[in-house]
Amino acid sequence: MSEEKHLNFIEEIIESDLASGKYKTIVTRFPPEPNGYLHIGHSKAICLSFGLAEKYGGYTNLRFDDTNPVTEETEYVKSIRQDVEWLGFKWKNELYASDYFEQLYGFAIDLIKKGFAYVDDLSAEEIAAFKGSPTEPGKDSPHRNRSVEENLQLFEAMRAGQYSDGAKVLRARINMQHVNMHLRDPLMYRIKHAHHHRTGDAWCIYPMYDFAHGQSDSIEKITHSLCTLEFIPHRELYDWFIEKLEIFPSRQYEFARLNLNYTVMSKRKLLELVKEKHVESWDDPRMPTLSGMRRRGYTPEAIREFCDRIGVAKRENLIDIGLLEFCVREHLNRIALRRMVVFDPLKIVITNYDKDVELLKGEDNPEDKGSDTREIPFGREIYIEKDDFMENPPKKFFRLFPGGMVRLKFAYIIKCDEVIKDEAGNITELHCSYIPESKSGEDTSGINVKGTLHWVEVHNAISAEVRLYDRLFRVEDPANEAGDFKDFINPDSLQTVTTVYAEPALKLAKMNERYQFLRKGYFTLDSKDTYHRLVFNRTVTLKDAWAKEVKKGV
Ligand code: ATP
Ligand code: MG
């Protein structure tokens with residue numbers, strides 16, 4: 001199938017670069033800043049950079065863009081590694097922009113010597129004021145024409161720690177009247193007396209993104225440096241540095257970032273949700289982080305399929321989270337083990353069943369021909385869902401009602417004979433009879449029923465907790481609403497059912513298995529809270545209940 005697909009614009013560029021002999025090996029990189037956990041947006045960038053290198057027989061580096069000492073932490077480095085691995089990609093080299101600090105410093109010296117960089121003493125405010133605006137040219141700094149010797153001496157003194165934060169900066173000497181504001185003598189280095197997670201206190205000057213990024217690409221001989229559209233105006237500067245330094249000609253290409261509705265995706269906002277305890281943690285199953293999605297039960301296969309389906313675009317758009325959920329459902333339908341769990345029980349006594357408990361067979365997954373079967377105990381007392389029974393049913397209610405018949409999945413047809421109530425008139429149990437010849441798989445009863453219910457046998461049922469998740473936000477694009485995005489949090493995004501009744505096969509539930517609780521949705525064990533009791537997270541509903549609600553205008 002993939003052969004029939006059209007090439008995306010980056011594939012076209014790569015194929016022409018390979019054909020012309022411009023590059024022999026395709027080298028890409030994924031360059032996260034370790035200042036937060038990866039989210040579903042990053043998976044788009046990961047699938048693209050790793051996927052292209054894989055497709056064309058090249059390789060990908062994982063490079064931590066750790067040039068800002070203040071916001072970066074080792075915890076984030078670990079989580080990023082884990083998430084990329086979980087998605088199913090292997091990097092060739094694990095690298096850190098901070099490994100290049102010495103080399104970058106050397107590049108800066110080179111530019112100073114060539115007359116392309118200078119030390120400026122203006123304050124941040126003055127630099128901003130001198131910069132002009134898109135419609136108004138900037139002004140030269142009074143320090144712009146320092147001699148090479150003076151610049152070298154001052155830059156060395158900056159490195160040696162002789163100045164306080166903000167006292168001096170190193171700037172590229174390009175053109176203060178340039179139409180592209182990014183080329184109006186951009187900053188290359190700033191002074192920051194701060195501890196760095198890897199280099200410790202070795203440095204008190206740190207390179208700016210624009211100076212570090214392209215040069216790191218070049219050092220690693222990255223051929224196609226893929227980033228999101230907001231970097232388009234930076235490309236000219238990216239090329240300028242490479243040209244003036246006469247280093248490996250990496251090239252930058254931009255694609256549209258992935259935006260999803262009903263969530264937020266900037267790390268700063270996600271951090272706010274965690275810090276202010278709107279969610280439990282970065283890996284809260286409602287978060288759009290990869291760790292949250294993993295804990296919720298999303299599969300890497302589904303996420304990769306999703307990234308593939310949305311393709312590579314050159315224009316920003318908002319993707320419907322329904323598409324991601326569709327991909328998750330599609331994969332889970334193929335792999336999930338079918339199990340029966342009753343959330344809100346109504347007891348049934350089968351009055352004509354006087355055998356001991358018998359063990360019935362249930363196939364694990366009808367979509368998977370090779371799948372096993374498990375044993376399901378059936379007996380005189382069972383639970384069904386309360387809302388699968390109605391005393392006075394409307395037309396087309398195909399579940400159980402007085403005098404009505406249903407099939408119990410994997411078991412028998414039963415008939416409701418009597419409704420038992422307490423003194424207050426509440427239904428306490430139902431008395432039913434079963435049809436012995438109607439056993440699933442060997443049914444000779446000739447009776448046709450419309451409804452099939454899930455159920456569990458009372459005495460063999462095990463208890464568990466389930467957590468039902470809904471969208472974290474009530475509006476499609478919370479980041480673009482007026483006011484604080486947190487005002488749009490969905491107050492009902494988590495519903496916990498502390499005791500549900502599950503068939504005993506779930507006693508052996510495993511962390512890496514996926515389950516379809518019949519008629520209830522897809523579930524997986526919670527990786528954090530399953531110790532003495534079983535806790536299941538609902539990954540996704542069976543059908544899109546939300547779209548139906550929206551259609552109804554609720
Ligand atoms: P944030 O704005 O959330 O902090 P970022 O872009 O600063 O994200 P980085 O760690 O710098 O995060 O991102 C690493 C790579 O992932 C970059 O190449 C970036 O372009 C890409 N990326 C980040 N967010 C998205 C997204 N929503 N869609 C596609 N690619 C993304
Ligand atoms: Mg960034």
Side-chain angles (χ1 to χ4, degrees), residues 8 10 28-53 60-68 70-73 75-81 83-84 87 89 91 94-98 197 207-210 212-214 216-217 220 222 224-235 238 250-274 282 287-293 303-304 306-319 321 323-324 477-480 485:
N8 64 49
I10 303 174
T28 60
R29 88 286 172 262
F30 174 62
E33 187 180 342
N35 62 348
Y37 282 62
L38 296 183
H39 51 63
I40 181 79
H42 290 113
S43 66
K44 175 75 225 171
I46 294 170
C47 289
L48 194 58
S49 281
F50 280 89
L52 286 170
T60 305
N61 288 340
L62 174 61
R63 182 202 313 145
F64 291 101
D65 204 338
D66 59 349
T67 51
N68 182 1
V70 183
T71 54
E72 292 149 6
E73 285 177 38
E75 172 199 345
Y76 298 135
V77 168
K78 280 194 194 143
S79 75
I80 289 169
R81 260 192 223 127
D83 288 347
V84 175
L87 272 183
F89 295 108
W91 51 91
E94 177 180 319
L95 301 163
Y96 293 80
S98 58
H197 78 124
M208 305 297 289
Y209 171 86
D210 280 315
H213 194 88
S216 302
D217 284 347
E220 294 172 23
I222 302 299
H224 300 79
S225 176
L226 311 178
C227 61
T228 37
L229 294 180
E230 68 273 22
F231 290 98
I232 289 178
H234 296 248
R235 193 199 314 140
Y238 182 102
S250 299
R251 286 284 171 264
Q252 172 183 304
Y253 300 95
E254 308 86 8
F255 61 94
R257 63 170 45 230
L258 162 61
N259 302 304
L260 262 194
N261 59 6
Y262 297 104
T263 190
V264 292
M265 219 114 78
S266 101
K267 283 184 274 191
R268 190 179 52 76
K269 292 197 174 71
L270 296 176
L271 182 63
E272 240 174 279
L273 292 174
V274 175
W282 279 100
M287 290 280 270
T289 52
L290 294 181
S291 49
M293 291 183 168
I303 293 175
R304 290 204 308 263
F306 169 68
C307 289
D308 204 40
R309 276 176 187 252
I310 55 182
V312 184
K314 278 195 198 177
R315 238 191 296 149
E316 297 258 345
N317 57 357
L318 192 60
I319 305 282
I321 187 144
L323 178 61
L324 175 58
D477 197 1
N480 282 320
F485 75 100

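Indexing begins at 1, ligand by ligand and atom by atom, following the structure's order.
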Chemist: Check this for me - ligand 1, Lys44, N or O atoms closer than 3.5 angstrom, yes or no?
Modeler: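 In this structure, Lys44 places no N or O atom under 3.5 Å from an N or O of ligand 1.
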Chemist: Specify whether His213 and Tyr238 have parallel, tilted or perpendicular ring planes, treating 30° as the upper limit for parallel and 60° as the lower limit for perpendicular.
Modeler: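 Geometry flag for Tyr238 against His213: tilted rings.
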Chemist: Taking only heavy atoms of Leu258, which atoms of ligand 1 are found under 4.0 Å from at least one of them?
Modeler: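 Selected atoms, number and element: 26 (C), 27 (N), 28 (N), 29 (C).
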Chemist: Taking only heavy atoms of Ala45 into account, list the atoms of ligand 1 that are under 4.0 Å away from them.
Modeler: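 Counting atoms of ligand 1 from 1, those under 4.0 Å from Ala45 are 16 (O), 21 (C), 30 (N).
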Chemist: Measure His39 to ligand 1 on non-hydrogen atoms and call it side chain, backbone, both or neither using the 4.0 Å cut-off.
Modeler: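 Within the 4.0 Å criterion, His39 contacts ligand 1 through side-chain atoms alone.
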Chemist: If you count the atoms of ligand 1 from 1 in the order shown, which ones are under 4.0 Å from a heavy atom of Arg257?
Modeler: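 So the atoms of ligand 1 that pass are 6 (O), 24 (N), 25 (C), 26 (C), 27 (N), 28 (N), 29 (C).
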Chemist: Give a yes/no verdict on whether any heavy atom in Glu230 is under 4.0 Å from an atom of ligand 1.
Modeler: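 So Glu230 does not count as touching ligand 1.
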Chemist: Is the backbone N or O of Ile10 less than 3.5 Å from a side-chain atom of Asn8, with the two atoms forming a donor-acceptor pair by type?
Modeler: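 Yes, the answer is positive, given that a donor and an acceptor are paired below the 3.5 Å cut-off.
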Chemist: Would you verify whether the NZ or CZ of Lys269 falls within 45 degrees of the ring axis of Phe485 while also being under 6.0 Å from that six-membered ring's centre?
Modeler: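 Yes.
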Chemist: Heavy-atom contacts with Ser266 under 4.0 Å: which atoms of ligand 1 show up? List them by number with element.
Modeler: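 In order of number, 3 (O).
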Chemist: Mark up the atoms of ligand 1 that fall under 4.0 Å of a heavy atom belonging to Met265, in ascending order.
Modeler: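 Ligand 1 atoms under the 4.0 Å threshold to Met265: 3 (O).
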Chemist: Among residues at least two apart in sequence or on other chains, which ones pass side chain to side chain contact (heavy atoms under 4.5 Å, CB included) with Glu73?
Modeler: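 Partners of Glu73 under the side chain to side chain contact (heavy atoms under 4.5 Å, CB included) test: Glu75, Tyr76.
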Chemist: Can you label the angle between the Tyr209 ring and the His234 ring as parallel, tilted or perpendicular, going by 30° and 60°?
Modeler: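 Tyr209 and His234: perpendicular rings.
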Chemist: Are side-chain N/O atoms of Thr28 and Thr60 paired as donor and acceptor at under 3.5 Å?
Modeler: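 Yes, because at least one side-chain N or O of Thr28 sits under 3.5 Å from a partner of the opposite role on Thr60.
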Chemist: Just jot down the side chain to side chain contact (heavy atoms under 4.5 Å, CB included) partners of Leu229, sequence neighbours excluded, or say none.
Modeler: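 By the side chain to side chain contact (heavy atoms under 4.5 Å, CB included) rule, Leu229 matches Ile232, Glu254, Ala256, Glu316.
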Chemist: Can you find an N or O of Glu33 that's nearer than 3.5 Å to an N or O of ligand 1?
Modeler: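 Checking ligand 1 against Glu33, an N or O pair does fall under 3.5 Å apart.
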Chemist: If we only count N/O pairs under 3.5 Å, is Phe30 in contact with ligand 1?
Modeler: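 Between Phe30 and ligand 1 (N or O atoms, distance only) the closest approach is not under 3.5 Å.
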